[in-house]
*Asks:* 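Got a structure here, written out as structure tokens. Questions coming.
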There are 2 protein chains.
Amino acid sequence: MFSKVLTVDDLGSINQGLNTILETLGVKEIHQSHYCDEALLKIKKSNMDGDPFQLVITDLSFKPDHHNQKIVSGEGLAEAIKEEFPDTKVIVYSIEDRIHPIKRLIQQMQVEGYVCKGRRGLQELSEAIKKVYEDQIFLSSEVSGVLHSNNDLEIDDFDIELLRQLSFGLSQNDISDYLKKKNMTPSSLSSIEKRISKLRVQFKANNVIHLVAISKDLGLI
Amino acid sequence: MFSKVLTVDDLGSINQGLNTILETLGVKEIHQSHYCDEALLKIKKSNMDGDPFQLVITDLSFKPDHHNQKIVSGEGLAEAIKEEFPDTKVIVYSIEDRIHPIKRLIQQMQVEGYVCKGRRGLQELSEAIKKVYEDQIFLSSEVSGVLHSNNDLEIDDFDIELLRQLSFGLSQNDISDYLKKKNMTPSSLSSIEKRISKLRVQFKANNVIHLVAISKDLGLI
DNA sequence: TATTTCCTTACGGTTTTCCACAAGGACATT
DNA sequence: AATGTCCTTGTGGAAAACCGTAAGGAAATA
């Protein structure tokens with residue numbers, strides 16, 4: 001079993017349930033952080049000392065504070081960890097149950113596990129830790145369909161940016177001008193119409209309002 | 001101090017931090033529920049037995065389950081409690097930090113306190129319990145501006161319904177027809193345009209897409 | 001009763017979105 | 001070189017949204 005684990009959340013108190021799980025599994029050293037920046041520092045230090053954390057368990061959402069933090073979310077933390085210390089295993093443990101952000105964590109950030117907080121959260125977290133220790137990926141039963149549902153596989157960064165600009169209230173003409181100014185392609189009004197139309201078909205949206213609402217519900221934007 | 005308190009969340013394990021707070025404050029009887037329906041049953045029973053819960057502390061979001069529940073959210077639970085047992089104090093303790101849902105809890109549901117989960121969550125919860133015991137209302141510092149910001153005071157149920165229908169992809173014409181069919185007033189296309197225009201001004205939205213996006217961010221819909 | 005105010009409804013004109021079709025260019029295959 | 005495919009861009013017309021103006025009606029006020 002892992003011998004040195006870091007847990008990161010913004011509870012402001014020790015997370016007793018989580019600690020108990022880790023102790024039960026035989027983890028010797030259990031450390032805690034309440035801030036992402038502090039967590040990353042601890043991880044760096046442990047690596048410099050030659051005694052790195054083998055596993056990091058982090059929440060996703062951290063409330064802002066009077067302290068200004070560079071990293072403000074578990075997603076950012078996961079990204080930073082995987083960039084600098086790709087061998088450190090990461091399990092994300094959060095209330096989030098929307099497909100897209102989780103897919104992003106697994107596919108882009110390459111985290112080893114995702115567990116939904118909730119009724120079976122701690123049980124699943126225990127399973128997740130065991131699986132990850134055996135070099136497997138673990139996904140909560142609630143979101144196990146994430147990797148197979150190729151519903152939004154063909155949605156690229158351009159689409160996301162398009163949806164974001166739309167949700168900011170730009171007209172399709174505005175977006176076209178914006179893209180032309182930045183010399184990005186495609187930028188024609190016609191192309192933008194086409195993309196939006198494609199997205200609307202994919203998400204079965206009646207119009208752009210509906211499309212943006214769906215995108216927000218899915219956590220796409 | 002309260003002597004009999006019920007806590008409701010879907011953690012699936014005892015919430016040790018919360019229990020400790022309650023014990024420290026001198027609460028004798030601490031009960032727990034993991035489902036809203038079960039919580040309401042316990043409250044009913046305690047009232048029938050002549051030994052009612054004096055305070056209920058509940059989360060807002062409960063993950064659905066294989067059990068089908070009548071009440072699926074803390075908001076519904078608060079509503080049911082206040083309807084049937086208006087003397088029972090209710091404090092909501094949740095991650096939610098959007099203004100509107102919280103305003104709704106305080107103003108519509110008449111709950112006595114709202115505490116944001118987060119860094120200072122448990123400390124604030126302790127303060128909240130003491131305040132509520134003294135017949136005062138308590139709001140987390142994060143959301144203390146809620147009651148004064150009269151930004152959306154003049155938004156009524158019609159507006160909400162309008163925004164919801166828009167987010168479902170109905171055209172303004174569709175909505176007009178829908179309202180006419182239900183003999184609801186106003187129902188004319190012109191009135192709908194007017195309402196939407198008013199909302200757009202209030203929220204400084206460039207178009208309906210923007211308006212719906214903002215409404216979703218605020219938790220209005 | 002007369003007046004004011006507010007809300008609903010209607011109408012016309014402009015802008016934007018929606019949609020089908022078509023032309024041009026980049027790239028790979030034959 | 002010729003062909004086909006994919007992507008980008010353009011065009012035109014119908015539908016919907018946007019915006020100002022105005023008429024009608026209900027309730028409150030004088």
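Values reported hereafter were calculated over all heavy atoms of this structure, with side chains retained and with hydrogens, waters and symmetry mates removed.
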*Asks:* For D/dT8, take OP1 and OP2 only and decide whether either is under 4.0 Å from a side-chain N or O of A/Ser191.
*Replies:*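 It does not, given that no N or O in the side chain of A/Ser191 lies less than 4.0 Å from OP1 or OP2 of D/dT8.
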
*Asks:* Map B/Ile192 and A/Ile196 onto DNA chain C by nearest heavy atom, then report which one ends up closer to the 5' terminus.
*Replies:*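 The answer here is B/Ile192.
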
*Asks:* Whether A/Glu112 and A/Lys82 form a salt bridge (side-chain N of Lys/Arg under 4.0 Å from carboxylate O of Asp/Glu) is what I want to check.
*Replies:*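 Looking at A/Lys82 and A/Glu112, the cut-off is met.
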
*Asks:* Could you check which of C/dC18, C/dC21, C/dA10 has an atom nearest any side-chain atom of A/Asn207?
*Replies:*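 Closest nucleotide among those given: C/dC18.
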
*Asks:* Side-chain N or O of A/Arg200 versus OP1/OP2 of C/dT17: is the shortest distance under 4.0 Å?
*Replies:*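 No, because none of the side-chain N or O atoms of A/Arg200 sits under 4.0 Å from OP1 or OP2 of C/dT17.
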
*Asks:* Let me know the distance between NZ of B/Lys194 and C1' of D/dC19, rounded to the nearest Å.
*Replies:*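 In whole Å, D/dC19 C1' lies 8 Å from B/Lys194 NZ.
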
*Asks:* Hey, is the side chain of A/Arg195 poking within less than 4.0 Å of OP1 or OP2 on D/dC7, counting only N and O atoms?
*Replies:*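 False: A/Arg195 side-chain N/O out of range (4.0 Å or more) of D/dC7 OP1/OP2.
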
*Asks:* Rounded to the Å, how far apart are A/Ile175 CD1 and C/dT17 C1'?
*Replies:*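 Spelled out: CD1 on A/Ile175 to C1' on C/dT17 is 12 Å.
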
*Asks:* How close or far is atom P of D/dC19 from atom NZ of B/Lys198, stated in whole angstroms?
*Replies:*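 After rounding, the reported distance stands at 16 Å.
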
*Asks:* Mind checking if A/Ser187 touches a base, just sugar-phosphate, or nothing, with heavy atoms under 4.0 Å?
*Replies:*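 Since only primed, P, OP1 and OP2 atoms lie under 4.0 Å of A/Ser187, the category is sugar-phosphate.
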
*Asks:* Quickly work out the B/Glu193 CD to C/dT9 C1' distance and round it to whole Å.
*Replies:*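 From B/Glu193 CD to C/dT9 C1': 11 Å.
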
*Asks:* Looking across every strand, which nucleic acid part, if any, lies under 4.0 Å from A/Ser190 by heavy atom: base, sugar-phosphate, or nothing?
*Replies:*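 Counting heavy atoms under 4.0 Å across all strands, the contact made by A/Ser190 includes a base.
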
*Asks:* Go through C/dT8, D/dT8, D/dC18 for me and flag the one nearest to the B/Thr185 side chain.
*Replies:*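 Nearest to the side chain of B/Thr185 among the choices is C/dT8.
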
*Asks:* Tell me whether A/Asp159 contacts the main-chain N or O of A/Asp156 through its side chain, where contact means a donor paired with an acceptor under 3.5 Å.
*Replies:*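 Yes, the answer is positive, given that a donor and an acceptor are paired below the 3.5 Å cut-off.
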
*Asks:* Taking atom P of C/dC7 as reference, at what distance in whole Å does atom CG of B/Asp156 sit?
*Replies:*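 One finds 11 Å between P of C/dC7 and CG of B/Asp156, rounded.
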
*Asks:* Quickly work out the A/Ile209 CD1 to D/dA15 C1' distance and round it to whole Å.
*Replies:*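 Distance check: A/Ile209 CD1 to D/dA15 C1' gives 14 Å.
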
*Asks:* Does the side chain of B/Glu161 come under 3.5 Å of the side chain of B/Gln165 through a donor N or O and an acceptor N or O?
*Replies:*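 Note: B/Glu161 and B/Gln165 side chains meet the donor-acceptor criterion.
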
*Asks:* What's the closest nucleotide to the B/Gln172 side chain, out of D/dA16, D/dC18, C/dA22?
*Replies:*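 It is D/dC18.
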
*Asks:* In whole Å, what is the span from the CG atom of A/Leu211 to the P atom of C/dT17?
*Replies:*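 Whole-Å distance recorded here is 13 Å.
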
*Asks:* Ignoring hydrogens and angles, tell me if any N or O in the side chain of B/Ser140 forms a donor-acceptor pair with the backbone of B/Val143 under 3.5 Å.
*Replies:*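 Checked: no pair found.
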
*Asks:* Could you please name the option among D/dT9, C/dT17, D/dA17 that lies closest to any side-chain atom of A/Ser171?
*Replies:*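 Out of D/dT9, C/dT17, D/dA17, the nucleotide with an atom closest to A/Ser171's side chain is C/dT17.
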
*Asks:* For the residue pair A/Phe2 and A/Tyr133, is the inter-centroid distance of their aromatic rings smaller than 6.0 Å?
*Replies:*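 Distance test on ring centres: under 6.0 Å, yes.
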
*Asks:* What is the distance, rounded to the nearest whole Å, between atom CG of A/Leu199 and atom P of C/dC19?
*Replies:*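 After rounding, the reported distance stands at 14 Å.
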
